[in-house]
Amino acid sequence: MANSNKHAVKSAAIVSSRDKAMDEHTSGGLQPGISIQNGPVDSPQNGRSTNGESNGRRKSRTSLTQKKTYKEMTSSDEDDEPLSKRRKTAVEEDSSDDDVPLAKKALKKLPKPSASQIGEKDTKVPIKKRLIEQKAQIEKKAEVTAKKIRAEDSKATKKRKVKDESDSDDDRPLAKSAKTKKTANGTKSTVSKTKVKAEASPVKKGKGKAVSTDDDADEEEENRWWENMNNDTSVKWKTLEHNGVLLAPEYVPLPRDVKLIYKEEPVTLDVQAEEVAGFYGAMLNSTVNVSNATFNKNFFSDFKKIVSKTGHAKNSKGEVVKIEHFKDCDFTKIFEYYDAERERKKAIPSADKKAIKAKKDEIEQPYMFCKWNGIKEKVGNFRVEPPGLFRGRGEHPKTGHVKTRVKPEQITINIGKGAKVPPPPPGHKWKEVKHDDTATWLAMWQENINGNHKYVMLAANSAIKGQSDYKKFEKARELKKHIDRIRKDYTKDLKVESMADRQRATAIYLIDKLALRAGNEKGDDEAETVGCCSLKFEHVTLRLPKTLVFDFLGKDSIRFHQEVEVDPQVFKNMKIFKKAPKTKGDDIFDRLNTAGLNKHLATYMTGLTAKVFRTYNASWTMATLLKEMKPTGTVPERVKEYNDANRTVAILCNHKRTVGAAHDTQMTKMLEKIKGLRYEQWRTRMMMLNLEPKLKKSRGAEYFERPEDLDDEWVEQHQAAEVEEKRQKIQKKFENDNKKREENGEKPLPEKELKERLEDADELAKKYRKENKSKKVEPEGKGPTVEKLEATYDKLEQRIENAKLQADDKEENKEVALGTSKINYIDPRLTVVFVKKFNVPIERFFSKTLREKFDWAIKSVDEDWEF
DNA sequence: CTGCACACTTAGTATCAGCAGA
DNA sequence: TCTGCTGATACTAAGTGTGCAG
């Protein structure tokens, strides 16, 4: 079946020669060759989602031919010789398997209904071009820098051999610097902790737990680990004490009158089944899930199972009712209950809310912190994930399945040997208690949907996380020294005869230029998303002369849609990699996987993997943009510029967010507001005219013309809206006043009062009517003069400018998420340097948690640190 | 190799909390 | 003074990459 076919095609030899190509072209005929035209050549079906499957043939290769060959397509590439001929002469090529594609996991796909629309609207991407150009420049700088560093580096190391070490080695690779440092600091204490302050502990007790975390709060130590990094990686801790995990609360059954309705009849379920019904019922407002067919199907099959396992539902007479069809279930009663609960919670007076919170905090207190090598550290996610419905993203085949409650018996505890093991709840025991000092997790369990491991680890501000963050960025900085060499190599390899190497070079090119992810193979029980190595035929289309159009779903089923002009050789290569008999569903890089790619990358630099390129390119781009900034401007301008740079990086990494449902309305509201302001501007001018009719001559009639887009129809609408708004306001004020009077025991105001007040609105309407008729506007304000009106006009102008800027920003930002790149990709030290250089409070860029997470960066660099 | 188990980072979104503006 | 919005945080899914057994 699919498997063998796939193999056959994959192992097709590369017999690429131009003459043959011709041959194939005419004789083949089974698969249409790729013809190059102006325009998408092999575009995904009718603009449908590229990941959409219409025939369930995802992985199965065509059985049409066993002998199809890759071949050069066009006659344009003079420099491209037939691959097979040259290959013989290739040096030390493992010729036996060079051309045999890596066997990849056979994935048989269930036939799926054609993909649901992923993004109808083809968001055009104007920023892209700018970005590419910008990137080209940034790359050039990178090359220069790399060379410079290498030169300096060798000089420096030489010097260092003679002298015994200077401390300013920020620019050297982690491994090296750590080593040299060791010799320098060898005599100093290995763990440098500086006692900083005694902090009064406001927190009180979790009744005598194993880890008396709060007792130590009064003696806070600052762990300045970054001043003494050792890069021994395998052992993560010497001692580890913690209180385990906080299990999910027990299920609280619904009140007796809240029931599932089945076939118009309220039915009673066993608590277990009821809980599952509740998962769904509580979710009815989440249309993303509830209107997803897979979600419903999966939920219902699980629900049915548990219902029949627990003795089915019972109607009011106690008769058994079998739950058989999803469409007969009505969860609205349950939804209403949970919704009301939510409302109720919101309405609790704030004093009570505080009390509830305090209670919760007290329960959580013992779990919040642990002791890692004797130092108090915050635990990240000590709460075991509660049961619910699995919300897999995109077209996840398992979305909607019931995620079951995690029992202590499934949880493994990892803790120091001597430490007191947190007691499992009475009558239970842990699955296992380990003492693995090479792992950083405190507790672990396996989730029932995909069998994934879930870990309880330390918070982002902990030393262990900080260290690995630091190492990550140091690694990226090290890449800076090799990047020119790597780029030169892959550019050269784009033309190499070995198809595997050529694919690898092309892939690295894409990873470097487009910040693609590596793209591991995925199983067939996951959403069909791809990265670089797993790109499929239909994800890239070619457009002459050298544009590649990418359209695929990446991590989290986020769409990557870009048109990119690439190196002509890359274009040519993609053409080859997509050549018949490859077709929809086939891998573009069929001789490449992430392991091979990373193995190759590691030859340039220890620890270099595809992922490092994303970090490197993000941070390097940010560094370059920040460096270019002029040292002028106010703080808000600075912030804006920083955010713009941040946005560039986010766009590079394709970090997106869904535009909120409210966005459109908000946007039109903003634009409408701007229009309204402009209308006021015009009215102001008309008032001037009213004051001094002569102005018409001196300033010209044009000066007093109403802007074209503010046509009569719009004006009428606008005026009506203004009047209505005024009316509403008066009404509301009236009601509020009455409420107050009532509270004070006074009589409510008479209706007559309201009527009187509403006359203001009528007045306004009248004024507008008069204006429309007379084409004149009465001057407003006290003692109006032309000068005053001019000032008003200017003020309006300013407000318009501001509003426009805001609107633009909002629109531009609507689907870009800045957070992810800030948290994970941009070296925080860049921000710290920026802040110091330009004197902007760091709070403008890093929230409290982020400042804690990046404490190491904030405290370790000065103004002239460079990425 | 290759496939899987495992560990850890990266990612978007739901929800919370605080604050500006009506 | 309340409300609606926004930014911060919590949550957990979905990646990457390593190492080991077969």
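The figures here come from the full heavy-atom set of this structure, side chains too, leaving out hydrogens, waters and symmetry mates. What you see is a predicted model; the values in this text were computed from it and never measured. Protein chains get the first letters and strands the later ones, always in sequence-line order, with residue 1 at the start of each.
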Atom [atom1] of [X] to atom [atom2] of [N]: distance rounded to whole Å?
X        : N      : atom1 : atom2 : result
A:Asn452 : C:dG15 : CG    : C1'   : 11 Å
A:Ile511 : C:dT16 : CD1   : P     : 10 Å
A:Lys345 : B:dA14 : NZ    : C1'   : 14 Å
A:Asp436 : B:dC8  : CG    : P     : 8 Å
A:Asn285 : B:dT13 : CG    : P     : 16 Å

Could you check which of [options] has an atom nearest any side-chain atom of [X]?
X        : options               : result
A:Thr440 : B:dC8, C:dG17, B:dA11 : B:dC8
A:Ala518 : B:dC8, C:dG17, B:dG12 : C:dG17
A:Lys434 : B:dG12, C:dT12, B:dA7 : B:dA7
A:Phe390 : B:dA7, C:dA13, B:dT13 : C:dA13

With sugar-phosphate meaning primed atoms plus P, OP1 and OP2, does [X] contact a base, only sugar-phosphate, or nothing at under 4.0 Å between heavy atoms?
X        : answer
A:Gly519 : sugar-phosphate
A:Lys403 : sugar-phosphate
A:Ile823 : nothing
A:Asn520 : base
A:Ala610 : sugar-phosphate
A:Arg851 : nothing
A:Lys555 : base
A:Lys357 : sugar-phosphate
A:Asp469 : nothing

Task: Residue mapping more 5' on DNA chain C - nearest nucleotide basis, A:Leu608 or A:Leu850 - done: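 It is A:Leu850, whose closest nucleotide lies nearer the 5' terminus.
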- [ ] Compare all side-chain heavy atoms of A:Phe589 with those of A:Leu597 and state whether any distance is below 4.5 angstrom.
- [x]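 The answer is no, as the side chains (C-beta and beyond) never meet within the 4.5 Å cut-off.
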- [ ] Answer whether the closest heavy-atom distance between the side chains of A:Tyr642 and A:Met622 falls below 4.5 Å.
- [x]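 A side-chain contact exists here, since the closest heavy-atom pair is under 4.5 Å.
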TODO: Check each of A:Arg657, A:Lys656, A:Glu815, A:Arg393 against A:Ile558 using the side-chain contact (heavy atoms from CB on, under 4.5 Å) test, and report the only one that passes.
DONE: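 The side-chain contact (heavy atoms from CB on, under 4.5 Å) with A:Ile558 is passed solely by A:Lys656 among A:Arg657, A:Lys656, A:Glu815, A:Arg393.
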Open item on the list: Check A:Lys848 with A:Glu852, please: is the shortest side-chain N to carboxylate O separation under 4.0 Å?
Closed with: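 A salt bridge is present here (some side-chain N lies under 4.0 Å from a carboxylate O).
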- [ ] Quick one: list whatever passes ring pair (Phe, Tyr, Trp, His ring centres under 6.0 Å) with A:Tyr825, sequence neighbours left out.
- [x]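 For A:Tyr825 the ring pair (Phe, Tyr, Trp, His ring centres under 6.0 Å) partners, ignoring immediate neighbours, are A:His655.
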- [ ] Select from A:Ser468 and A:His453 the residue whose nearest nucleotide in DNA chain B is closer to the 5' end of that strand.
- [x]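 It is A:His453 whose nearest nucleotide is closer to the 5' end.
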TODO: Please figure out whether A:Trp441 or A:Arg517 has its closest DNA chain B nucleotide nearer the 5' end.
DONE: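 The answer here is A:Trp441.
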